[in-house]
Q: 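If you scroll down you'll find the structure; I have some questions about it.
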Amino acid sequence: MTTISEPSCIAELISRFNAIAGKQISTLAEQLNLAIPNSLHYTKGWVGQLIELALGANAGNKSIPDFPSLGIELKTIPLNAALQPSESTYVCTAPLNSTIIDWQQSPVYQKLKHVLWVPIEGFASKPLKERRVGTPFLWQPSIEQLAILKQDWEELMELLQLGGIESLTARHGTYLQIRPKAANSKVLSSVLNDAGTLVQTVPKGFYLRTIFTKAILQEQFRL
DNA sequence: AGCTGATCATAT
DNA sequence: ATATGATCAGCT
């Protein structure tokens, strides 16, 4: 495997992501001496990691943006045959026994305030190695989008903090939602419920709804 | 068909 | 255990 260092400035990042636009997965994998899995079934995050390697993202599994010195988060986004996002986008772990922090300090805000979106052909009809990288673009939420994200985050955090975990479902939130994030439903961690009792629950994560990423791509490409 | 809940691999 | 990278698949 070939390792590439973190880009030292935005201009370097821009020239790197422009260089991968339109390329096939197989081309990038060969350049990095990386073996291509037969399918994504057992390697769901493989494309994301491929793009991280190709661009020199180096935050590991720490709760900080992928390009720490640039404060930019990298997100691949799978497109269906109509070139629309086909899946929600994972943001970060949801704290179950949360201590109160404010929006600006939250990992959700820290990651979403500046994102490099990398669209990828994601339709199953096309073999993984033939799928192409779309046109990556840097994005920052608008004032209006930020207000809704903040409102969502506050609503969801309030449910977590006030022990409302048992009533919290993926139906809460306009752009942000909370869904399970674990190896399987048998993985459990302890959390206080609204009666102040410790109960077991599957670990959760924050996700961006597809409707939101769809809007982001439409703004960008005027689809 | 889209959405919610479930799941898979890997690093530390 | 818990973070990262996400997509899968059953139900409505």
Side-chain angles (χ1 to χ4, degrees), chain A residues 1 3 6 25 28-29 32 34-68 72-99 106-108 110-112 115-128 131 133 152 156 159-160 165-191 198 200-215:
Chain A
M1 184 181 89
T3 303
E6 189 187 343
I25 295 295
L28 295 181
L32 295 163
L34 215 59
I36 303 176
N38 292 323
S39 88
L40 293 179
H41 195 127
Y42 297 103
T43 52
K44 294 176 181 176
W46 186 84
V47 173
Q49 305 203 312
L50 173 73
I51 301 301
E52 284 188 347
L53 288 169
L55 298 179
N58 231 345
N61 65 344
K62 295 192 283 291
S63 298
I64 54 174
D66 292 293
F67 301 102
I72 294 174
E73 173 72 9
L74 171 62
K75 288 288 172 210
T76 58
I77 181 158
L79 304 184
N80 61 24
L83 302 184
Q84 297 286 341
S86 55
E87 285 287 351
S88 56
T89 301
Y90 171 70
V91 180
C92 60
T93 302
L96 292 181
N97 295 294
S98 48
T99 51
S106 71
V108 174
Q110 290 299 319
K111 293 195 171 193
L112 295 183
V115 178
L116 172 60
W117 294 103
V118 181
I120 309 274
E121 287 182 326
F123 23 104
S125 60
K126 189 173 258 200
L128 179 56
R131 296 182 197 170
V133 177
D152 283 346
L156 295 168
L159 279 167
L160 290 174
I165 186 72
E166 289 168 308
S167 60
L168 174 56
T169 74
R171 292 171 180 80
H172 291 91
T174 303
Y175 292 160
L176 267 181
Q177 63 180 172
I178 287 182
R179 304 218 307 280
K181 173 64 169 158
N184 57 64
S185 58
K186 289 162 189 64
V187 175
L188 298 172
S189 52
S190 300
V191 60
L198 273 181
Q200 301 294 110
T201 186
V202 179
K204 315 283 188 189
F206 284 102
Y207 294 79
L208 291 178
R209 293 183 183 279
T210 308
I211 193 165
F212 184 55
T213 52
K214 210 174 259 189

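Keep in mind it's a predicted model, so treat the numbers as computed, not measured. Proteins come first, then strands; the chains are lettered A, B, ... in the order of their sequence lines, and each starts at number 1.
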Q: Figure out the NZ/P separation between A:Lys214 and B:dC3, and round it to whole Å.
A: 7 Å

Q: Closer than 4.0 Å, any side-chain N/O of A:Ser185 to the OP1 or OP2 of B:dG5?
A: no

Q: Side-chain polar contacts of residues 176-187 of chain A - donor-acceptor pairs under 3.5 angstrom, sequence neighbours left out - could you list them?
A:
| residue | atom | partner | partner atom | Å |
| --- | --- | --- | --- | --- |
| A:Gln177 | OE1 | A:Arg179 | NH1 | 2.5 |
| A:Gln177 | NE2 | A:Ala170 | O | 3.0 |
| A:Arg179 | NH1 | A:Ser88 | OG | 3.0 |
| A:Arg179 | NH2 | A:Ser88 | OG | 3.1 |
| A:Asn184 | OD1 | A:Lys186 | N | 2.8 |
| A:Asn184 | OD1 | A:Val187 | N | 3.4 |

Q: Classify the side chain of A:Lys44 versus the base of B:dT7 as yes if they form a donor-acceptor pair under 3.5 Å and no if they do not.
A: yes

Q: Mind checking side chain to side chain donor-acceptor pair (under 3.5 Å) for A:Tyr90 and listing every partner two or more places apart, or none if nothing turns up?
A: A:Thr93

Q: Starting the side chain at C-beta, find the nucleotide from B:dA9, C:dT7, C:dA6 nearest to A:Lys75.
A: C:dA6

Q: Would you confirm whether A:Asp152, through its side chain, and A:Gly173, through its main-chain N or O, come within 3.5 Å as a donor-acceptor pair?
A: no

Q: Drop me the distance from A:Glu52's CD to A:Leu32's CG, to the nearest 0.5 angstrom.
A: 12.0 Å

Q: Among pairs that include at least one residue of residues 58-68 of chain A, which meet salt bridge (Lys or Arg N to Asp or Glu O under 4.0 Å), considering only residues two or more places apart or in two chains?
A: none

Q: Rounding to an integer number of Å, can you tell me how far A:Leu74 CG sits from C:dA6 C1'?
A: 12 Å

Q: Using the closest heavy atom to pick a nucleotide of DNA chain C for each, name whichever of A:Gly122 or A:Cys92 lands nearer the 5' end.
A: A:Cys92

Q: Does C:dA6 have its OP1 or OP2 closer than 4.0 Å to a side-chain nitrogen or oxygen of A:Thr76?
A: yes

Q: For B:dG5 and A:Lys204 - does any side-chain N or O of the residue sit under 4.0 Å from the phosphate oxygens OP1/OP2?
A: no

Q: Among B:dG5, C:dG5, C:dT7, which nucleotide has an atom closest to any side-chain atom of A:Thr169?
A: B:dG5

Q: Can you name the atoms? Protein N/O to nucleotides 10-12 of chain C N/O, anything below 3.5 Å, with the distance.
A:
none

Q: So, the side chain of A:Arg131 versus the backbone of A:Ile25: is there a donor-acceptor pair under 3.5 Å, distance only?
A: no

Q: Take A:Thr76 and A:Leu50 through the side-chain contact (heavy atoms from CB on, under 4.5 Å) test and state the conclusion after the steps.
A: CA-CA 10 Å; A:Thr76 58; A:Leu50 173 73; over 6 Å; no

Q: Return the 5'-most residue of the pair A:Glu87, A:Lys186 with respect to DNA chain B, ranking by each residue's nearest nucleotide.
A: A:Glu87

Q: Show, in sequence, the C-alpha distance, side-chain angles and deciding distance for A:Leu159 and A:Ser167, and conclude whether the side-chain contact (heavy atoms from CB on, under 4.5 Å) test is met.
A: CA-CA 8 Å; A:Leu159 279 167; A:Ser167 60; 4.1 Å; yes

Q: Can you check the A:Phe206 CZ to C:dT2 C1' distance for me, whole Å?
A: 16 Å

Q: Whole Å only: how far is the CD atom of A:Gln110 from the P atom of C:dT4?
A: 13 Å

Q: What is the distance from CD1 of A:Ile64 to P of B:dA11, rounded to the nearest Å?
A: 18 Å

Q: Counting only side-chain nitrogens and oxygens, does A:Ser86 get under 4.0 Å of the OP1 or OP2 atom of C:dT7?
A: no

Q: Side chain of A:Pro78, heavy atoms from C-beta onward: which of B:dA9, C:dA6, C:dT7 has the nearest atom to it?
A: C:dT7

Q: Look at all strands and tell whether A:Asp66 reaches a base, only sugar-phosphate, or nothing, counting heavy atoms closer than 4.0 Å.
A: sugar-phosphate

Q: Does any N or O donor sit under 3.5 Å from an N or O acceptor when you compare the side chain of A:Tyr90 with the base of C:dA3?
A: no

Q: In this structure, how many angstroms lie between the C1' atom of C:dG5 and the NE2 atom of A:His41, rounded?
A: 16 Å

Q: Quick one: which of C:dA3, C:dC8, B:dT7 gets closest to the side chain of A:Ser63?
A: C:dA3

Q: Does the side chain of A:Val191 reach to within under 4.5 Å of the side chain of A:Leu198, using non-hydrogen atoms?
A: no

Q: Using a 4.0 Å heavy-atom cut-off, does A:Gly48 contact any base of the nucleic acid, only the sugar-phosphate backbone, or nothing at all?
A: sugar-phosphate

Q: Report the distance from atom CG of A:Leu188 to atom P of B:dG5, rounded to the nearest whole Å.
A: 16 Å

Q: Please list, in numerical order, the residues of residues 170-181 of chain A that have a heavy atom closer than 4.0 Å to any atom of DNA chain B.
A: A:Ala170, A:Arg171, A:Gln177, A:Arg179, A:Pro180, A:Lys181

Q: Do A:Thr89 and A:Phe212 pass the side-chain contact (heavy atoms from CB on, under 4.5 Å) test, and can you show the C-alpha distance, the side-chain angles, and the key distance before you say yes or no?
A: CA-CA 10 Å; A:Thr89 301; A:Phe212 184 55; over 6 Å; no

Q: With sequence neighbours left out, what residues match A:Ser39 under side-chain contact (heavy atoms from CB on, under 4.5 Å)?
A: A:His41

Q: Tell me: OH of A:Tyr207 to P of C:dT7, nearest whole Å?
A: 11 Å

